[in-house]
Amino acid sequence: MVAEDRHSRGGGRPAEGTGPGVITPDGCSVELYAMLPAGEEPRIVHGAVGEGASILELGSGAGRVTHPLLALGHPVVAVDESPQMLERIHGAELVASSIERLDLGREFDAVLLASHLINVPDVEWRRTLLRTCRRHLRPGGRVLIQRHAPGWFDTAEPFERRGADLPAGPLVVRMLDVRRPGPGLLSATMEYQVGARTWTQWFTAARVDDAQLAADLAAVGLAIDGQLTGDGTWVGARLATPG
């Protein structure tokens with residue numbers, strides 16, 4: 001599980017969080033997210049969309065992925081409902097908005113729906129997020145979706161592991177209180193520790209396997225366009241072919 005994990009507040013139990021500094025409506029710490037390293041996500045996105053592709057990044061947070069994409073030459077429009085998150089981003093066009101209400105009247109080469117937002121339990125809310133992706137995708141473009149691997153819902157157990165060495169101290173990530181409250185659902189508490197500071201975030205996520213994802217995409221006029229990683233956590237989508 002990656003350190004940055006956003007979960008939509010719509011359609012079910014909201015993600016919630018605690019800790020020092022500003023906590024956003026979906027339970028995320030602005031201070032923590034501003035410290036996190038980029039990881040593999042920018043490389044995956046860049047490889048899937050090509051040189052210079054314009055990117056609409058939904059739920060951008062504090063720019064963990066945004067800044068490397070800008071450095072790779074992509075014009076990025078970063079969207080987040082938290083103004084405090086957007087204040088940490090430099091070099092991108094910034095839009096303060098919830099994903100479901102976004103309508104820029106523009107289309108992009110790629111629309112990025114990362115941080116496991118697709119795993120929101122409510123199907124209709126999930127499709128609302130995908131409608132925003134569809135609304136902003138140009139013909140020939142791709143939606144890039146990050147999800148929890150479907151098998152993770154069966155195998156996930158509590159863990160503790162050391163992550164990146166940050167200027168403020170090593171990042172320690174823990175997953176606690178793992179429960180399975182229903183078929184295809186997983187609830188847990190994430191705990192992040194950097195030095196003497198600790199943040200928590202608890203959430204419920206739903207399994208979105210290939211069949212479910214295909215159905216959700218089809219409902220909004222999109223279709224699966226291949227897996228971007230061998231573990232199935234990143235999936236591409238395109239505009240569905242009429243007929």
Side-chain angles (χ1 to χ4, degrees), residues 1-17 24-28 33 36 39-41 44-45 48 57-61 64-65 79-81 98-100 102 111-134 143-159 173 175-192 200-220 222 224-237:
M1 188 175 191
V2 299
E4 182 173 4
D5 204 37
R6 307 292 297 270
H7 294 274
S8 171
R9 289 172 55 89
R13 179 174 181 254
E16 299 178 32
T24 66
D26 60 357
C28 300
Y33 278 27
L36 295 177
E40 292 296 304
E41 286 93 334
I44 293 168
V45 172
E57 184 184 7
L58 302 176
S60 61
R64 182 179 66 89
V65 175
V79 178
D80 203 281
E81 68 177 343
S98 62
I99 296 173
E100 65 273 14
L102 185 70
V111 180
L112 181 57
L113 188 68
S115 303
H116 310 114
L117 288 167
I118 195 68
N119 291 105
V120 61
D122 186 273
V123 173
E124 286 308 313
W125 197 262
R126 189 185 309 149
R127 294 178 181 182
T128 296
L129 301 180
L130 290 173
R131 287 187 186 95
T132 296
C133 296
R134 167 66 179 83
V143 179
L144 308 182
I145 300 166
Q146 184 185 29
R147 62 178 175 175
H148 292 296
W152 175 79
F153 288 83
D154 301 318
T155 62
E157 297 292 344
F159 67 79
V173 181
M175 188 162 75
L176 311 169
D177 306 323
V178 176
R179 298 180 295 107
R180 293 172 172 84
L185 297 176
L186 188 140
S187 297
T189 299
M190 298 303 300
E191 185 176 278
Y192 308 97
T200 62
Q201 185 179 20
W202 49 96
F203 68 91
T204 297
R207 186 198 319 262
V208 180
D209 59 18
D210 290 348
Q212 182 64 59
L213 181 58
D216 292 335
L217 291 169
V220 303
L222 295 168
I224 290 178
D225 187 32
Q227 295 192 1
L228 310 181
T229 55
D231 61 3
T233 57
W234 281 89
V235 182

Checking Asp154 now: which residues fulfil side-chain hydrogen bond (donor to acceptor under 3.5 Å, both in side chains) with it, not counting sequence neighbours? Arg207

By side-chain hydrogen bond (donor to acceptor under 3.5 Å, both in side chains), Thr200 pairs with (sequence neighbours left out) Thr18

Measure the [atom1]-[atom2] distance between [X] and [Y] for me, rounded to the nearest 0.5 Å.
X: Phe203; Y: Asn119; atom1: CZ; atom2: CG; value: 9.0 Å
X: Gln146; Y: Thr229; atom1: CD; atom2: OG1; value: 8.5 Å
X: Ile99; Y: Trp125; atom1: CD1; atom2: CH2; value: 10.0 Å

So [Y] and [X], do their side chains get closer than 4.5 Å, heavy atoms only?
X: Leu176; Y: Trp202; result: no
X: Leu130; Y: Leu113; result: yes
X: Val208; Y: Ile145; result: no
X: Tyr192; Y: Leu36; result: no

Pairing residues for [X] by the salt bridge (Lys or Arg N to Asp or Glu O under 4.0 Å) criterion, not counting sequence neighbours:
X: Glu40; result: Arg43
X: Arg127; result: Asp216
X: Asp177; result: none

Ring geometry between Phe153 and His148 (parallel below 30°, tilted from 30 to 60°, perpendicular above 60°):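 The rings of His148 and Phe153 stand perpendicular, inter-plane angle above 60°.
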
Asp26 backbone acceptor or donor facing Gln201 side chain under 3.5 Å: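 Yes; at least one donor-acceptor contact below 3.5 Å.
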
Is the side chain of Glu16 donor-acceptor paired with the backbone N or O of Gly27 at a distance under 3.5 Å, no angle test? no

Electrostatic pair Arg147-Asp210, nearest N-O below 4.0 angstrom: yes

Ser98: side chain to side chain contact (heavy atoms under 4.5 Å, CB included) partners, not counting sequence neighbours: Glu81, Glu100, Arg101

On a heavy-atom basis, which atom in Arg126 and which in Ala206 lie closest, and how many Å separate them?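 Closest heavy-atom pair between Arg126 and Ala206: NH2-CB, 4.0 Å.
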
